[in-house]
Amino acid sequence: MFGYGRNNFTWNGTLKELKGSHPAFCTERGRPTMAAPLSSSSGLEVLLSSLQNAGDVESTLNILNVLDELLSAGTDRRIHYMISKGGSEALLAALVNNIRSFSPNFTILLPLLHLLAKVGHRDRRIGLKAEDAGVVLLTLNLLRQNVDHTRRAAACLWVIQVFSSSVSAANLIGENHGLDVIYRLIPQYTTKHLYTIKAAIDAFAALLCTKANVCSAVSKGYISGLLRLYKDWHSQGTQRVAVAISHALLRCLHKVTCSTAGRQTLVSQGGIRLLYETTQTSLRDKTLESLVEPSVQLMRKCVSKTPLPLTSDQSAYTFPLPRRPHTVPDVDTEPDESSEESDDEKSEDNQEADYDDDLETDLKKLRLRPDPDRPKELLPQYSRLCPEISHDFQELDLSSEPEDSSTASASSSSDEEAVQLNSFPCRSSRRTRRCGAASSRSSSGSHSETETEGHTAAVVQLEGCDFHSHSSILSTSPSFRNMVREAREEASQDQRGDEQDDEAEDEEESNHRTMIDKLLERHGAFIPHHEPKLYYSVAAKTKSIPGFSILAFPDFWGHLPPPGHEPMAPRKPNIQRQKVLADVQRFLDTEDIINQVVFDLEDSSLQGSSDSLRFFSKFECGNLRKAIQVRRYEYDLILNTDANCNQHTQWFYFEVSNMVADVPYRFNVINCEKSNSQFNYGMQPVLYSVREALEGRPHWVRTGTEICYFRNNFCSARGRRRTTFYTLTFTITFKHNEDVCYLAYHYPYTYSALKAHLKALQNSVDPAKVFFRQQILCGTLAENSCPLVTITACPASRGWRDMHQLRNRPCIVLTGRVHPSESNASWVMKGTLEFLCSSDPVAQSLREAFVFKLIPMLNPDGVINGSTRCDLNREDLNRQWLKPDPVLSPTIYHTKGLLYYLNSIGKSPQVFCDYHGHSRKKNVFLYGCSMKETLWQSGSTVNTVGLKEDPGYRTIPKTLDRLAPAFSYNSCNYLVEKSRSATARVVVWREMGVLRSYTMESTHNGCDQGIYKGLQTGTRELQEMGVKFCQSLLSVTNDMKALYNSRLIKHIDLDHNVLDHKSHNCFEDDEPPCVEEIEYSTDCPPLKGTDLESDINNNMTSADEEEDDDEGHREAKHQQGVGQSTLKSCLVPHLIRQRSTETLNEKRNTCNGVRINGQILS
Ligand SMILES: [Zn+2]
């Protein structure tokens, strides 16, 4: 069964049989239960021990053969098992013995080295073990002595590659000139000895894992050598091995460019151009495709970082904060990583990794209500915010005269009521606290106070900005004025000549306004709850940091959703790669680069060339800091960070004009901060065309092609913040010449729009039926008012019973837009408000069942000034709920105060919901709070059996899943995260005991389920969501049954399609990886289908590396050899060849572990 001899080796038995037939396995006798070879530890150990002690060549060879056979079949587990049994050490010891012997015998050394490479490849500690065994330098010397024997050299190189997994081993080799020895083995393009060449490059790359070796390689000038080699191999080698060699050279380049000096050298040696040009070739040749990605990444890595062309990283908008010295604008603070991501988005990144870590497992924190953050005495002031309780409804007695204007004025006057809260005086006294820096209209004389506080510099600066001063006349943008003037000139030709240009500016202005009035009359669309003139008058009172005096046309004129749905944009294949390459080309070929600043928020005198686009953003919600014309039809756009801040960019809204129709313009927003975006998954920005509006289509529409989002090479202007910036690029082809257009991240919804909308709503309700009261919750830091709206049904009469019912109605509190960029939240809120005021019977029932308290915009200042995340205090207001500061976060402080008050009078809200927008997920969904689910999900050991929890928090999401097409129940979760402990949802749940406390997240993009699947959401769908949310509240009314049975259920359109939809798993709803997402790691992406083992195996099987082989033969064999990693066991044929002229015919039916059959050779 088992025997070995000089010309006769075979073994076709099993290890089990082997035990009995060879003295070495005697110890195994008496353990007949062993079935599989590797389940026998001692069998293996005996083999390994024999290997180290075997004296003669034949027994060593045989042991190596058996080991190789065993390891070749089955999975890696066998190798790991062998490693655990000291396999690496045994092989290393055998190697030492053989190298140190009087004359190294390559008959043994070659198979030994091969086996060592295969095993060591899987052994993470092989480098250290090799050092301990003293093998590292021995192997290097062996290589030195055998550089002319390619097969031997290759074997040494693989082992060196494997040893280099240890930094100290790699350094040891480097110190002993290993890099030079190996580098000399890499020739220009050839067809000879390809495996040895590849082994040399791989070993070289492996040695470059250490800083010292990289430095050495850079200083020895190997980068230019590697570039030359790459160019040569790339241009000539299209066979698989040659491509693998090119790829390995790229890997070396990747490694040496991990150092700054390496990158600089690569750039100075013309590496970028070389890579760019070779990539162009690779893109045309399918066989070279695997080289594109590593080349593109290498270029991205090496193209030097370009600071954003800004004088400061600080926002262009600064505002003096109360009770704190005004921060000097240019003091750049490190971004606080923990607060950088939003509540709605952070979870995505962390869901896999530390989701569980973040869950609250402290039962006390989950169950017990903390003490209030303020004394009880401060609560009564909020009674004023419950006018429905104190109101006497005298007007009901006059209901025979519903048109009575006094009723309307009674409620409308409340808009302007300036109730001063005890703890927080809204106006004058607060101003003194705020360093007196803000020179508001009514207190221009209060500057002396500031000097005493020592902030003179800030004051001077702010005076220069004419802070808070409002031009009494709001105007339209210059571009729009030009357009109107043209229109008027055209009109005046047809009509009378009485509207000719006047010299006087006033007259010009009044003419302009007359003209706009006429345009409105002629072209203005009927937009429900929107009146341009009302908007105009409201906007004049809005206070912005820069003192906006110009209205954006869309906000003024109004928006109607376009007819039909807007599908998500298809993504062009390879679009990202194309854009990245175009950016690299910008670095290389500067002839067509214009690099002309055409817009600067801080320099209004700036004029672009006559044929460049014109930009403008100094209006409410506007955000564009700078525009730079890069090429004829390409512009870089830089967004303004949040006011007072040097970070948070995402929201944009700007005007663009002076365009030529039908020309694709490329826009690059180059200072985005989030690492990924729905712009990679079908989302488009929105565009509003003035010409289209004047032609009766006042629509924000989704637009743009070639959209993608990727990391770029910009860094912060001052280079202090370690920020990575991302580019959002899109291409717009305008429809009209000389149009005035607006582009935005999402459908804008300004603070003034909210105020105008509330006024219009107020005017629209029937005061005999609907109790609608708008009040000021509080003033903001910039002295805008934060509106609070109360909506409920008027009692049927002033009788005791009706009044009692009214005063005992439970409350629903809805808030929104705490994050300024989440304008979708405002559109959802608009839907909610309009529905609650409507004559819809469901709305009527809801009003009769509940008192609604709505705070539609928790962050007016952030919204007005075009911020993305924060308020003027540069805080994320949705992280302030635990202990909000009355001065710095007034809207949160007083919203919480109102909730405390409601709690204190036994009217804790039945439902609380904070409306948000989500930039990285699709659909609309809710986050709620559940103690039990949190404990379960966290894997907590707390026994939840005895814990009681009302499951009612699921009712609304379940109902919404049936009612709202955009809603995805499976995206909802009810986990209480530690990182969200200061958010509205968690605080209202924990501190106010509100069971149904939610965050509602609406996508900026669209849906991937339900009837809206594949469509982007528009304002129609967002408003619908607001309606559906209200309808879902029926599910929590006390008299739910009656409501459903009587008349209401039929009003809810339970679309069968909607009922059908089953959404996907909530924990998988992160975006699938983008098909061609650029890997941002600095490492070279691996070449598929190649690894060390297949190289070794291929080398051995192809039997072509004998020193003087015939070339023609070899090439053919290479081609078949590479990639055939299925041939695992290769030592045998090799050994046989060493000993006999016969070749091994059959070695294919290698068994999978138990039987190993071989051919008997004789
Ligand atoms: Zn949000």
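Counting starts at 1 for both ligands and their atoms, in listed order. FYI, side chains are in, hydrogens and waters are out, and symmetry mates aren't considered; it's all heavy atoms of this structure. Position 1 is the first residue of the sequence; numbering continues from there. Keep in mind the model is a prediction, meaning the values are calculated, not measured.
- Ring centers of Y681 and Y709: at least 6.0 Å apart, outside the cut-off.
- To the nearest 10 degrees, the Zn ion (ligand 1) sees OE2 of E822 and ND1 of H916 at an angle of 150°.
- Cation-pi geometry between R374 and Y893 is satisfied (NZ or CZ under 6.0 Å from the ring centre, within 45° of the ring normal).
- In summary, no N, O or S atom of H918 is located under 2.8 Å from the Zn ion (ligand 1).
- None of the N, O or S atoms belonging to E1001 lies under 2.8 Å away from the Zn ion (ligand 1).
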task = Any chance you could lay out the side chain to side chain contact (heavy atoms under 4.5 Å, CB included) test for W881 and V988, step after step, and finish with the verdict?
result = CA-CA 9 Å; W881 281 77; V988 172; 4.2 Å; yes
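- Results of the ring pair (Phe, Tyr, Trp, His ring centres under 6.0 Å) test with Y653 over F619, Y749, Y745, Y747 single out F619 as the only residue that passes.
- If you look at H819 and ask which of its N, O or S atoms sits nearest the Zn ion (ligand 1), the answer is ND1.
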